Structures are given as C-alpha cells and as structure tokens.
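Step one of this worksheet: look at the structure below.
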Amino acid sequence: MIAAILSLTLLGAVLGAVLGVANKFLHVESSALAGELIEMMPGSNCGQCGFPGCSGAAAAIADGTASPACCPAGGKTLAAQLAAKLGVAVDLSGLSGEGPKIATVAEELCIGCCRCGKVCPTDAILGAARQIHDVLREACTGCASCVEKCPTGALVMRPVPVTLQHWVMPKPLAA
Amino acid sequence: MSEFILLLLSTALVNNVVLIKFLGLCPVMGVSKSIDSALGMGMATTFVITLAAGASWMLDNWLLAPLGLGYLRILTFILVIAAVVQFTEMFVKKASPGLYGSLGIYLPLITTNCAVLGVALINVEQKFSLFKSLLYGFGSALGFAVVLLIFAGLRERVALARVPAAFAGAPVAFIAISLLALSFMGFSGLNV
Amino acid sequence: MKFMKLFRRLKGIGWGVHPADHKRPAADAPVRAMPVSARLYLPLQQHLGGPARPVVLVGQKVRKGELLAEAQGAVSAPVHAPTSGVVVAVTEVAAPHPSGLTLPAIILEADGLDEWTELRGCDAPFALSAAEIGRRVAAAGVVGLGGAAFPSAVKLVGAARARVAALVINGGECEPYLSCDDRLMRDSAPAIVDGIRLMLRATGAGRALVGIEDNKPEAIAAMRAAVAGIGAVRIHAVPARYPMGSEKQLIQVLTGIEVPADGRPADIGVIVHNVGTALAVRAAVREGKPLISRLLTVNGRCANRPGNIEVRIGTLAEEVIAFAGGLKGDGLGLARRVIGGPMMGVQIPHWRVPVVKGTSGILALDATEVDGIAGRETAPCIRCGSCVKACPMGLLPLEMSARIRNGAFAEAIPFGLKDCIACGCCAYVCPSHIPLVQYFAHAKGELAGQERDRLRAEATKKMARQRQERVEREAREKAEAAARRKAGRAAAAGKQGEPACFNPRPD
Amino acid sequence: MNADAPTGRPVASPHAHGGSSVGRTMFRVQMALVPATLYGFWLFGWPSFFLWLLTVVSCLGFEAISLKLAGGTRIKATLLDGSAALTGWLLAMTLPPWAPWWVAPIGGFIAIVIGKQVFGGLGQNVFNPAMVARVALLVSFPVPLTQWVTPLPLTALAAPGFVDGLRIFLTRLPQPDAMASASLLGYSKTEMLRGIDLLHSLAGEHAPAVSWIGARSGSFGEPASLLILGGGLYLLARGVIGWHAPLAVLAGVAIPAAIGHAADPAHYLSVQAHLLSGALMLGAFFIATDYVTSPNTAAGQIVFGLGIGLLTWVIRSYGGYPEGVAFAVLLMNALTPAIDRFIRPRALGRDRKGKALDVARGGVQ
C-alpha cells in the first residue's frame, strides 16, 4: 500500500518536474489571432455585420461566435481568406449568389445635401454642397451606409458592371 | 540481426496495429484528411509509442515488478504516456505551429490512442527485453504511420471523387480502409 | 550522357499533339485582297496593355494612315485610320471575345478614295539608330501578329536594354487551319528577311533563328533562298508538333534552353517575334506605313472558299466571310465561330466583330470538327494521363481540373495552374471530353478576381484610415477653434471651424 | 440572331478534338483480351464459358442497378462505354475456370458496387475493382477459389458438352478425381509446407509443367500467358498503354526471382515459372496499366510496377498465399496517391521541386 502510494507519488513528481522544465524551454507565446484577423478585415467599420466595427467582428470570428462569411464588404474573397486562416470550412454559397454591389447616384434625384459623404467610411463620395455627388467606383466598399441617409433616395446599390477585364469564363457544366 | 529485422517487418506489416489488430483507429480516421497532417501525426505517434514502450518497460521491470505492484500497471502506464504526449505537444507547438494547428485536438488525444497503451501492455505480456520492446514499439508505430500516410493519400483522392451522397464522408472512408485491410491480408503468414 | 542524348533523339519531342492540320487547300490558294468596307470598327485596345486615347473628333475627316488614337502608358500602341474617311462615332462595339461584351472603338466611314496621308519613309534604314527604329515601330502601332498582340516596339526596346544575344523568329504557325504566315513566307520572303535584319539592328542581337514547321516545305525553301548570303539569319526546319509556335517551346527547340518559369525570354537573352511582325516592322521603318491591314485565313468546313485574305483592320468578320465566299448552306451546320486558330482561338457569339491587329484567322467550324466525333458529351475523368503526356509545360491538368471542379482554385496552383499556357493539348486528347482549358480559364479568372478584391480591400483599408485621420484632425481643429473663440470672445462672429462641405480629396 | 445558330454559353478553346473516347479505349482493351479468352474457352470447355459470361453480365447488371440507385442520368451511355464489362472480363480471367456459379455474381457485386460505385463510379475508385473482387473472394471462399482442373480441351472426348457444362457450372457435381489438379504456384507452396523442397517436388510426377502456352491448370487466363502478352503488345502498339508499368512489373518479379533461384534453387522458383504463373502477365499488361488506379507519370508507373512485381515475388516466396499479384496490385493501388504526390513531372522552366529555374544559369550566347 505504502509502496504503491510512494511509487505513484514519486512517478508523478518526476514526470511533473520533467514537464515543468520542458515547458520552460519550449514555451510559446499564444498567438494573437484576433489581432491578425483585424489586419485582414476591410477596416471600414461599416457595421453591416452587426458588430461594432471590424475589430468587434474579428474578435467574434476568432472566438467562433461569428462566421468568417459575416463580412459583406469583404465578400467571398475575405471569407475564403479568413476560413483558410482559421482552418475551418465555410459555406460561401450565401455570398456567391450575386456579385458585389456599389452605390451609385441617380443624378436627377441628388440635391447635393452632403449627408451621404459624412457617413461614408472610405470617403468614396465626392461633391460639394448643392452639387450633384458622385461615387468613386474603386473606393466604394458597398456597405450601403449612405443609402439610408439619402433624403431623396438618390443613392442606389447597383451591381458592379461586368467589363472585359473583369469577365470570368464560366465554369463548365458538370458532367 | 535478421531476427530483429524480422520483428520489425512483422510488427509493421504482417501484424499491423491498425489493419490487423484494429488498434488506434480513432486518429487514423480523424487525422487522415491530408498527407501533411498525417505525416506529422505519424511522426508524433511514432515518437510517443517508441518512447512510451521503453519507459513503460523500465517502469514495469524496475519499479512495479520488484515491488509487486503489477495491479498499478495500467494506471502508471497511462501516466507515463500522458507525460510523453504532453512533452510532444509542447515540442510540436514550438517546432511547427502550423502542424500544431492542423492536428488540433488529436495531438493531446494521442494519450488515449489505444495503440500506445496496447503496445506497452503487449510488451509486458510478451516479456520482451528492453531493446526488443523498443523495437516492437518502433515497428508498431512505423506500421501505424505507414497506414496513416497511405490512408491519407487515399482520402485525399476520395475527397475529389463524386461519391454518392449516401456514402460521402465517413462511410466511404471506412470502405476504403477496409479494402486497405484486405490488401494487407496478403502479408498474412509471411515467413522468411 | 551521350546515351541520354541519343535516347532523347529517338524519343523525339514528348510533349504536344499532332492534330490534322487542315492547312491545305487554303494555304495553296493565292492571297486575295479585300476591298475597303463602307464602315470600319476600330477598337482602341487591339493589343496587350493600356488602351489607346482617341485624338480625333467625331465628324473629323482623316486620311489613310493618319493617327486616330495615341498610345497611352508604357505598354500600349496607337491606332491608325485604315482608309480615308470620316470619324462617325467613338462608341462601344462588340469585342472579338466569347463574352459578347463591348469595348470602346472609333467608327470610321470610308470615303472610297483610300488616299494616303503623308508617309515618312527611310531609304537607308540600317543607318538609323536602334532607338530610332524602335520609335518608328512604336509610332506605326506594330504589335505581335501571331495572336498575343504585344506591342512590338516595347519588346524591341526592352531587348536592346537587356542585350539579348539572339532573335527567334516564329514561323511555326502550329495552329491547324491557319496558313497566313505560311503564305507570307512563300510570297514575301525577302521582305520578311529585311524586316528581321531591321529587328536585329534594333535589338543589337547578333543572330536570328527562324523556326518553321517542316509541314511547310515551300515556305522553308522560299526563306532559305531569301537568306542566302546573310549569315546572321538562319532558317531551321522544326518538327510539326503543336504547340511548336508557342514562345517557350520554340525557344527550347531552337536553342535548347528553357525560359525560367515566371521569367521572360529576354532573361535568357532571347526575344521572339512573328514573321508577320517582321514584315510590319519593315513597312513601318522603310516606308513609314502604320499597321492598318493584315493577312488572315478564312477556313473551316463551313466556309465555301477557304483561303488567305488581305483585310483592313476594323472590317467586320461578317464582311470578310462574305467576301471570301460565304458559308455553306448559309451557315447551316455551323457549330462554332472562332477568331484565331482552333486550339487557342476564341469562340464568338456572332460574326459582327471587327478584325483587329491580332486576328490571324476566322473559322467557321462544323460539329465534327469541334468535337472530333460528333455529339460526344463529357464523361468522368478516368485518370488515363493522356493530358499529362500531352502537356507541353509538364503540368498535371487532371489534378488541376479535379480541384477546380470542387471550387478549390488555389489548390490547383501547385499543380501548375499559373504555368498553363492554355494551348489546349490536354482537352484535345482527353478521351472523356472534359473541357480542361475552360476549367483553367475559369480558375484563372476567379483567382485574378480574388487578387483584385484583395488589392481593393487593402486600398479600402487605407482610405478608411485616412478618413479616420481626417475626422480626428477636423475634430481637433474644431476644438482648437472653439478654444480660440472662447479666448477671444470679442471676435465671436468671425470664422467657422467647419468647411463649407466635405472635400475629402483635395488633390 | 442571324441565320446561323446561336452558340449560347461561352466555351473555351480548343475548338477541335483528337477523337479519342473512353469507349474506344475500353473496346481496344477488350479486343486485346479476345485471343487469350478464346484459348481459355477451348482449354477449359463450357463451364468456363458460362462462368465468364455470368461474371460479365453480373458486372453490367450491378453497374446498372448502382447507377439507377445513385440517380444517374447517363446509365445507357455509361454501360456502353464498356468499363463494367471489362472489369467483369478481367475478374473472370483470374477465377478458377470451373468455379461454382455463385462466385460470379458475388464477385461482380464486390467489384462493381464495393470496388467502384461506392467511390462514385468510373474514374473515382482507388482500388482496381477486379482485384478487389478477386482478393475478397479468395479470402472469403478459399476452397472453391483454389480448386483447379486439368485442362480438358473442348475437342477432347471427355470434355463436358454444353448441357453437362451447364450442369457442372450450376450444380457443382463432384468432380472426378482425375480432374482435380493444382496450379504450379499452389502445388509448390503446398509441397514446401510439407517439407519437400522445390528440387524434389517439381521433379515429382504430378508436378504441373511450366510451359509457355501448353495446356496446364490454373486460373482461366493463366495458361494463355503468351496470348495475354500478345494482347498487351497490341495495346502498347496502339498507344493504349505505356511500356513503363508492364515492364516494371515483369522486372520487379524477374530480378529477385533470378537472384533467389540462382542462390537457392531448392527454395526459389525459376524466373520462367514466376513470369508464366499466376496472373502475372494479365497483371502486368491489363491490371497494372489500369488508368484509374495507377500513377499518372511515367516515373510513377515504374515505381508502381516495380512495387507490384517485388511484392508479388515476396508474397509468393514467403507469404501464406501461393499467389500474390492481386494483393500486390491492391497494395500498390493504395500507395498510388502517395506516389502521384511525390513523383511529379517537371514543369518547363522549373526544377523538380517546382521552383523557377535560375535566370543566372546562363542564357543563349
């Protein structure tokens, strides 16, 4: 009995000591996953995902409460990158349905009130007071924040037009 | 010398732990989705099994048997195995964070890989010498790693196949490994 | 070592395919020159690189050879008027592209006079400096006429800078059905050789190797006769094996050296030009003539009179076919319209697309020509490895397509997706009729789109950060202004801290 | 749209095709099997014909049922491509010619359903279906699968006629003792286990002869090794198969066999005996060259073939089973994905590891 207790204690102590020493030499700082994810997010803090800004979404994705596909601005590409980073499979079908959209100004409706530009997270809307505004196609993330601010409904989300440069050969029909 | 080679071959191929003894099926099914992680898992398990086989032999012959504590065998073996696995986990985390991530939960679960405990117990049962125990452990682990690697390759290919919905996922993996077991039966009765 | 060499010789060229070439009788028929059409449609981007910028106004009268649009950017080429007439519109026209999308173009209405503008030729072109030759070639809008349409001057100047040792002239014309290069070599060999010598002068290269497939004996004979006595230019008959006319393959066969992946031929001291380009270079330098017409092949089992036709750039394919002799049964049995060759050409949805500088052929193919055996449908891959054997780049087409089918585009890259030259050998030999090239084109497009998205996301991030800085700066300024107001209450009515409206991009 | 038909969906190049098809390939393989099969019919009589027929038919039947269950749309086209029939044909070639009738449907089920359709059908399987069935049958029913008969040519007086053949096939009449025989490999293994070495056993009067084409017992396709070889050469000439895998298989067996036999003829069979016995020729030219389950590169096929040959020799010489081709094929099938992964063709402009060639290596002078 005593031999058993003693030997188990001894064994436990020796193994514990060995592991303790090993831990000293092999210690690794835990990686700041959320931080890396924040770097990957669009950073426009548009809030479409329902989280308070990109860092909130990144934290939620990192601890698994949000899907990597939750960012509409990042689209399919970002979702795939995040999923690869996390090593998880993600259902991209919800995102692949329609192409990205950007805001466009209906010139006949714009009254030049400047309200849209104040909320644009990327300063993609140009225009001075009482002048018809315009959206910079390259800068618009498609967050649609401006649409609800527009008093005349001049801002509409439209699919990005397909050009020869952006055209992709369709996937062959499955055999 | 030829005796040792024979022992190594027979433990690795003829009496393969996974396909003939059906030990350690859990990680074989779990970590065989890609050849890379299978390679890492194979190496980690080889390390653990070999080390655990030696450590448990020492424990059994130098501590438990002299003190008549044979009834503590399973308990102490698990303790030793857990410690080795812990050590391996730390090492992998340090040496290859990518591999650490891809092995995930299966790395600490090597502790409960029945092949590890099984090999340690068989060693005691067979009354092998220390060197033979190590060899037996290494041979078994080699067999485990080889099967894991082959099976990972098969699964990578099956993942690209248009498997009928009813068989997709685990079912087709089990069928594939059963066919692999069938082919390993060709080694049965192998006798030099 | 010697044994290996012998072995390799016995084995021959391992890669590629040997399709039935269908070059004759079109190649043997004499060239026909097509009269100028009533309207010419001149896309601003007929070349690789940036589109040209129009320099004419609607309603402006231009003469043949006058500049319509100037090059824009480092890699670009100008567009010239193929005949005299009036610019009637600058608008969008259908592109020679499977999507059926449009691209900006100038529409020119011919006045029927076809009178040249003033041309600035040169009687002693070999006295010109290399840079001057480059300038003249650039001004003439010469691009690679083999199909890729890369601005030739950019290549010549780059080659001079990289001090290339040899010029490889591509007379391979490995695409089946096409015979325009063959025809050019038969009819204008001395002029081509003159063009080659001008290119040697422009690049500073010591010698030129002309590779011609051995299924064109007449062209080889004509070219050999033309180079007699010119030591720097040598004619090599190369085995007729598709894709012999591909840059990297031709260089390997002629020089025995491989172009490194991700690299350019200039990296190993070679540049490649097409025989047609050599002719265009000669016209540009000696006569000052811009590239306004080209020779192209009309062929295919549906074409009434296959042959080679001299066509002004901007002519609609529809009109070219009508001039050539029309389609059999008025297009009955037509399965596919193709611009270029059958192996790498593009399918077009209708014939109303203009001939551009890179158009080497117009094909009207019936179903048996397209499918090998009519009515074949795609079957599962049987991993026969035919595609692996056929691939001239040494890639694994079957592994790539299996992954792309599952949507894992990036996983296809380690199997060579980025090295794929889309030559079509794999799909040509596939017994399961899998459209491998289409899988690759799809994946390349999707990956390019992802890369664009990534760059865009980065740009967005930068802009968001700039905005945040601006908002903070404005808040700070506002606070400071408020503080100032507080300090000097007397001047309260003075100025406002906030700008009249946002002006986020003062530049 | 104008008069010419609209093209609809965009398609990529090439707009031409070489004209090869799965059906044509399978047909050529079947043609290559015809001489050996006819010879087998002549040698083993009607029962062997019934066995062959039922095996092929059950493979086709199970293929049709599986496709139907899987909701396939191209059932007829798939059946007509000949792959299922070929699987059945190859399986029949490896069975004992007078095997009882139920071997055929069970074998067909294992080959087609478990070996192939479960993985998704044509092109998706990882193991050779015919060899899966062959091994599963051997392991499950060792007795009927190792009962050989002495060849009794159709023209011989004692040969069973059509009706008698059917009766033998269906009811498993007790065979006359004189008919029972052993294959060379089975015989030598049994004798060896009894402690009689090869020098003595092969000299015995019941020893099966080693002959190139002669009438000898064995599986349906075994005696016709030379005809199989001829069929294989036909496939080589037509470019249906490459030389790498078959040659490697034969070398993989012949080299160790030559060394072993030279060192100890009492325990190791001769090269000739190895090459002509079992299903080696069939394995080398028709099984190891199976597109789906073998590596795609020439170098990979050489490794694959050598592996099959070596494993076959090891199992035959040291293992518990007298024949090893089927096991060896399955083992190497399992290794094929790994071989394909580690042996890849070198891309133009890259080294073997896939890194771009160095520009500074020197260019054209």
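Keep in mind that what you see is a predicted model, and the values were worked out from it rather than measured. Residue numbers start from 1 in every chain, and the chains themselves are labelled A, B, ... in the order their sequence lines are given, proteins ahead of strands.
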Do the charged groups of D/R346 and C/E258 touch, with an N to O distance under 4.0 Å? yes
For chain C, the option from D/A16, D/S83, D/A356, D/A77 that forms the most heavy-atom pairs under 4.5 Å: D/A16
Can you tell me if OH on D/Y291 sees more than 12 non-hydrogen neighbours from other groups inside 6.0 Å? yes
Determine whether a donor-acceptor pair (N or O, by modelled atom type, separation under 3.5 Å) exists between the side chain of D/H15 and the backbone of C/R337. no
Answer with side chain, backbone, both or neither: which region of C/L395 has an atom nearer than 4.5 Å to a non-hydrogen atom of chain D? both
Check whether D/D340 gets within reach of chain C through its side chain, its backbone, both or neither, counting any heavy atom under 4.5 Å. side chain
In terms of heavy-atom proximity below 4.5 Å to chain D, should C/S432 be classed as side chain, backbone, both, or neither? both
Given the options C/G385, C/A441, C/A427, which has more heavy-atom pairs under 4.5 Å with chain D than any of the others? C/A427
Residue pair C/R383 / D/D290, side-chain heavy-atom distance below 4.5 Å: no
Is D/Q124 close to C/P380 at the side-chain level, that is, under 4.5 Å between some pair of heavy atoms? yes
Basic-acidic side-chain contact under 4.0 Å: D/K355, C/D262: no
What residue in C/A422, C/G424, C/A261 has the most heavy-atom pairs under 4.5 Å with chain D? C/A261
Given a strict heavy-atom distance threshold of 4.5 Å, which part of C/P392 is in contact with chain D: side chain, backbone, both, or neither? backbone
Toward chain D, the part of C/C381 with a non-hydrogen atom under 4.5 Å: backbone
Please flag which part of C/V346 lies under 4.5 Å from any non-hydrogen atom of chain D: side chain, backbone, both or neither. backbone
Residue pair D/P14 / C/V437, side-chain heavy-atom distance below 4.5 Å: yes
Is C/V429 in contact with chain D via its backbone, its side chain, both, or neither, using a 4.5 Å heavy-atom distance? backbone
The interface call for C/V270 against chain D, heavy-atom contacts under 4.5 Å, is side chain
For atom CZ of D/R341, is the number of surrounding heavy atoms from other residues, nucleotides or ligands below 6.0 Å larger than 12? yes
Looking at C/V338, C/L436, C/V388, which makes the most heavy-atom pairs under 4.5 Å with chain D? C/V338
Given side chains that start at C-beta, do those of D/R9 and C/Q347 come closer than 4.5 Å, heavy atoms only? no
pair C/L398-D/N296: side-chain heavy atoms closer than 4.5 Å: yes
Could you check whether any side-chain heavy atom of D/P345 comes within less than 4.5 Å of a side-chain heavy atom of C/L396, counting everything from C-beta outward? yes
Drop me the distance from D/S21's OG to C/I382's CD1, to the nearest 0.5 angstrom. 9.0 Å
Nearest 0.5 Å, please: how far is NE2 in C/H433 from OG in D/S20? 6.0 Å
Side chain to side chain contact (heavy atoms under 4.5 Å, CB included), that's the test. Do C/D419 and D/L348 meet it? Break it down for me. CA-CA 8 Å; C/D419 290 338; D/L348 189 75; over 6 Å; no
